[in-house]
Amino acid sequence: EAIDLQGKAILPGFLDMHVHLRQPGFEAKETIETGTAAAARGGFTTVACMPNTRPVIDSPELIGYIYETTAKEGSCTVLPYGAITKGELGEELTDIAALKAAGAIGITDDGVGVQSSSMMREAMRIAASLDLPVVIHSEDEDLAKDGCMNEGVVSKRLGLPGIPGLAESVMIARDILLAEETGAHLHVCHISDAWSVDLVRYAKSRGLKVTAEVTPHHLLLTEEIIDRTDAQDANMKVNPPIRTEKDRQACLRGLLDGTIDMVATDHAPHTEEEKKRPFQTAPFGFVGLEIAFPLLYTELVETGQIALHELVKKFTINPANVFKIDRGVIAVGNVADLTIVDLEAERTVTVEEFKTKGRNTPFLGKKIKGWSVLTINQGRITYRGN
Ligand code: NCD
Ligand code: ZN
Ligand code: ZN
Ligand code: ZN
């Protein structure tokens, strides 16, 4: 069967180093099957999944479970992270060497943040000796308290409890110092604040093994989205929260100058029921796998803010290099992980077309270009669109 590639871009398959596939335990939100189908539709051929499942992915057996389930039901390569502490409770370290031996590609505290400095220091010492990345959520729970959006003019106007950017940046500052002391590779998740970007830039200037990712939503939105309607819509609620225009500009500058290595979606599906709850009690998170590349292509490449090949690097060779994954380039002898993207056809973001179970995105109804029309993982067609 012939495939017409006239006017299409042939790109290496995308890597997303931060997704929540929710299996085991939260299959009403997402499964490995639906989450990886969403990834394939988004042009992704490799995703790294977070361990805040139930049970938490904190043992070699559960790392094995992710690989086995993906082999049966997956539409892309899935590389699991192991939790830093058992049950993500912040009380006891996991067996980090055993997690690595089972195939964990890093350890993480995503969703909660390890609050104890001594525990994080010990985790980094072990991870450094194993050459395993430490992937940090960065949230000081004492500063974040029960906040539900960015702390600033909008939270004050609405009378909602805020999460200051400081809750993120103080933890990044701490963890950069611990990484320097221990020699660990520190990877900063979903960077959202101007101070945080400056801290990562500083760490890189000192030659430290510190890398960072940013989400499409933190690159494109500001806290004003929460003020659009009278009753605040929990589909606008995410952690870290969408911050100010100054923070957004800092993230974009960081992406352009190389401070931020990669784009990651932090794909975080929740059920419609959960997202219909009042703003303060609804869970945090946006889905992102299916729209990440077209959003950034449309908003950043078409507007001349970043070159197409530079954006593609942030989805391919950069995450592959940072996590030492043998992907991200089209080269002789390399595996056929490809995505073919239509840069011209404009489509609207509609939940009817979603492969993910989630509907929680602030980008519904947006018209964007750059959709994948064909995705190939390890030589196998995993998505075919039009
Ligand atoms: C994530 C989730 O729902 O698991 N939510 C979010 O808003 N990002 C947790 C996380 O990434 O910290
Ligand atoms: Zn997180
Ligand atoms: Zn800020
Ligand atoms: Zn996350």
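FYI, the numbering just counts along the sequence from 1. First listed ligand is number 1; within each ligand, the first listed atom is number 1. Because the structure is predicted, anything quoted here is derived from the model rather than measured.
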Inset, instruction - May I ask you to identify, for Asn239, whether its side chain, its backbone, both or neither come under 4.0 Å of ligand 1 on a heavy-atom basis? - result: both
Inset, instruction - Measure from the Zn ion (ligand 2) to each N, O or S atom of His190 and report whether any distance is below 2.8 Å. - result: yes
Inset, instruction - Say whether Glu139 and ligand 1 are in contact under the criterion: heavy-atom distance to a ligand atom below 4.0 Å. - result: no
Legend entry - atom 2 (C) of ligand 1: the protein heavy-atom neighbour that sits closest, reported with distance to 0.1 Å: Arg22 NH2, 3.4 Å
Legend entry - Metal proximity, His18 vs the Zn ion (ligand 4), N/O/S cut-off 2.8 Å: yes
Inset, instruction - Could you pull out the atom name of the N/O/S atom in His137 that is nearest the Zn ion (ligand 2)? - result: ND1
Inset, instruction - Describe, in one word, how the ring planes of Phe315 and Phe14 are oriented to each other, choosing from parallel (under 30°), tilted (30 to 60°) and perpendicular (over 60°). - result: tilted
Inset, instruction - Have a look at Asp266 and say which of its N, O or S atoms is nearest the Zn ion (ligand 4). - result: OD1
Inset, instruction - Indicate, as side chain, backbone, both or neither, the part of His190 found under 4.0 angstrom from ligand 1 when only non-hydrogen atoms are considered. - result: side chain
Inset, instruction - Work out the angle at the Zn ion (ligand 4) between NE2 of His20 and OD2 of Asp110, rounded to 10°. - result: 90°
Inset, instruction - Pick one of side chain, backbone, both or neither for how Lys237 approaches ligand 1, counting any non-hydrogen atom pair under 4.0 Å. - result: neither
Inset, instruction - Could you check whether the rings of Phe323 and Tyr81 sit parallel, tilted or perpendicular, using 30° and 60° as the cut-offs? - result: perpendicular
